[in-house]
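Encoded as structure tokens, the structure appears first; notes follow it.
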There are 2 protein chains.
Amino acid sequence: MKIATYNVNGINARLPVLLRWLEEAKPDIVCLQELKAPQERFPEKEINTAGYQAIWKGQKSWNGVAILTRNLEITKVQDTLPGDPGDEQSRYLEAIIDQMVICCLYLPNGNPYPGPKFDYKLSWLKRLKKRTDELITMDLPAIIIGDFNIIPEPIDVHKPERWENDALYRIEIRKAYQNLLKKGWLDSIRTLFPEEKIYTFWDYMYRSYDRDAGIRLDHILLSPYLKSALKSGGVDRNVRGWEKTSDHAPTWVCIEK
Amino acid sequence: MKIATYNVNGINARLPVLLRWLEEAKPDIVCLQELKAPQERFPEKEINTAGYQAIWKGQKSWNGVAILTRNLEITKVQDTLPGDPGDEQSRYLEAIIDQMVICCLYLPNGNPYPGPKFDYKLSWLKRLKKRTDELITMDLPAIIIGDFNIIPEPIDVHKPERWENDALYRIEIRKAYQNLLKKGWLDSIRTLFPEEKIYTFWDYMYRSYDRDAGIRLDHILLSPYLKSALKSGGVDRNVRGWEKTSDHAPTWVCIEK
DNA sequence: GAGCCCGCTG
DNA sequence: CAGCGGGCTC
């Protein structure tokens with residue numbers, strides 16, 4: 001069972017790249033972020049033709065998340081992160097697939113720091129903590145997966161010292177991430193490659209990809225129930241080199257229950 | 001000697017199509033209209049690499065004209081149509097190439113009728129008449145070539161009756177065009193195909209190209225000096241069917257002095 | 001329908 | 001640098 005996350009940065013602009021990657025990588029479950037399309041402009045037909053079914057939560061211009069599966073039933077649980085009925089942003093989609101709870105998320109970027117956007121990121125993390133704690137308490141097979149907009153550790157960024165006041169790396173944010181993990185979530189990519197420099201995002205600017213000046217933002221967290229099921233994983237970083245590509249690369253794990 | 005005109009509708013958006021057409025058609029002189037690029041954003045390097053040199057007059061967002069040649073020296077004469085120093089629009093470029101005066105133009109559209117845009121078109125035609133009369137008087141080998149935004153005759157449009165109040169077909173405009181010709185200019189495409197329905201433009205909307213609901217807007221006028229040199233000509237209408245194409249098709253003549 | 005700008009976000 | 005959206009032109 002291959003499970004992937006991919007921040008597409010515009011589902012419609014990215015459709016050729018996405019379809020090519022689906023064809024090559026053949027993931028069973030895919031969580032997408034930054035659709036940047038309203039609900040009615042999701043390219044469902046093309047996704048279906050590629051052999052995938054989908055649920056999604058769109059939004060005009062920004063955000064938007066989706067879950068695709070190949071030959072697997074999707075049971076939607078909820079399309080908002082509980083804890084703030086006033087939150088209008090499409091950043092969370094939770095479903096049951098193949099007996100697992102899949103939580104697809106696109107965490108707020110949070111820049112600039114300090115400011116209201118940073119505060120929103122902190123409060124979003126607090127709400128996420130509540131939901132993920134519940135899942136742990138219930139002993140469910142669950143996966144928290146997506147673009148966390150969090151650089152967990154110094155090893156996950158090219159020049160850490162330049163990022164101290166960036167919302168992706170601020171100490172409060174990294175602490176919140178570590179607090180999540182403490183409950184038992186496994187950062188699967190870091191577990192598979194304990195010492196390696198692994199990036200999932202390279203800025204479009206400054207030829208970041210050529211210089212490999214990347215950061216690790218996209219994470220796949222496994223609940224304790226799934227720890228022993230983790231078999232392999234990686235980042236399809238070559239996709240970042242394709243024409244008309246996203247600034248993120250697809251990130252994936254294989255699990256065997 | 002093959003001389004062509006092509007309204008590209010955005011030189012940068014059209015670059016792949018333009019380069020492919022240059023490669024296939026191998027014109028010696030090409031007049032381009034609707035660059036839609038400021039002076040500094042003309043893709044000179046790519047044009048040079050394709051074997052062409054160029055002069056151009058750019059403008060931000062709209063208009064813009066260029067002349068390209070393959071192995072032929074270009075001597076720029078002027079990049080504005082005389083007669084109105086306050087006219088800021090980049091619609092005219094005149095050069096001497098291979099001993100001929102080449103006048104590349106992008107005439108105002110003139111819609112809606114009536115109104116100030118229509119009046120501007122009329123006054124532009126008046127200024128053009130003055131310049132072209134001079135060229136006739138001087139007995140020069142000359143070519144007026146470009147997007148005239150004029151449908152000369154009923155045969156040049158799919159349903160003439162629908163166009164009576166369109167600035168492209170208004171009687172004043174067609175009369176002004178006939179007045180130009182009276183001085184001795186030869187509408188070369190119409191001369192080569194006296195009875196045929198020939199179009200050079202198909203609207204992006206309403207599947208106009210599929211239905212062949214086109215109009216003839218792009219013209220190549222030869223001064224009396226060059227009349228007997230006209231050997232052949234046509235419209236590369238297949239180019240209009242390419243991916244990411246312009247709404248105009250390249251139009252060309254071959255002359256042998 | 002498809003170019004271009006500008007302003008916004010990341 | 002590259003998405004989207006809204007306004008403009010043709």
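Because only heavy atoms are used, hydrogens play no part in the values below, and waters and symmetry mates are left out as well, while side chains stay in. To find a chain, count down the sequence lines: A is the first, B the second, and so on, and within it residues start at 1.
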Side chain of [X] (C-beta onward), nearest among [options]:
X      : options               : result
B:R41  : C:dG1, C:dC5, D:dG3   : C:dC5
A:K244 : C:dA2, D:dG5, D:dG3   : D:dG3
B:R91  : C:dG10, C:dA2, D:dC10 : D:dC10
A:E34  : C:dA2, C:dG10, D:dC10 : C:dG10
A:K60  : C:dG10, D:dG3, D:dG6  : D:dG6
A:A13  : D:dC4, D:dG5, D:dA2   : D:dC4
B:W62  : D:dC8, D:dG5, C:dA2   : D:dC8

Rounded interatomic separation in angstrom, taking [atom1] from [X] and [atom2] from [N]:
X      : N     : atom1 : atom2 : answer
B:D203 : D:dT9 : CG    : C1'   : 12 Å
B:W242 : C:dA2 : CH2   : C1'   : 19 Å
B:N109 : D:dC8 : CG    : C1'   : 14 Å
B:D247 : C:dG3 : CG    : C1'   : 9 Å
B:Y120 : D:dT9 : OH    : P     : 14 Å
B:N111 : D:dT9 : CG    : P     : 13 Å
B:N149 : D:dT9 : CG    : P     : 15 Å
B:Q59  : C:dC5 : CD    : C1'   : 13 Å

- Is any side-chain N of the basic residue among A:D187 and A:R190 closer than 4.0 Å to the acidic one's carboxylate O?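 Looking at A:R190 together with A:D187, the answer is no, because their closest N to O distance does not fall below 4.0 Å.
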
- Query: Do B:R174 and B:Y169 meet the cation-pi criteria used here (NZ or CZ under 6.0 Å from the six-membered ring centre, within 45° of the axis)?
  - Reply: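 So B:R174 does make the cation-pi contact.
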
Within the 4.5 Å heavy-atom criterion, are [X] and [Y] side-chain neighbours or not?
X      : Y      : result
A:H219 : A:Y177 : yes
B:I151 : B:R216 : no
B:L221 : B:L181 : yes

- Would you say a side-chain N or O of B:K36 is under 4.0 Å from OP1 or OP2 of C:dA2?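 Looking at the OP1 and OP2 atoms of C:dA2, neither is under 4.0 Å from any side-chain N or O of B:K36.
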
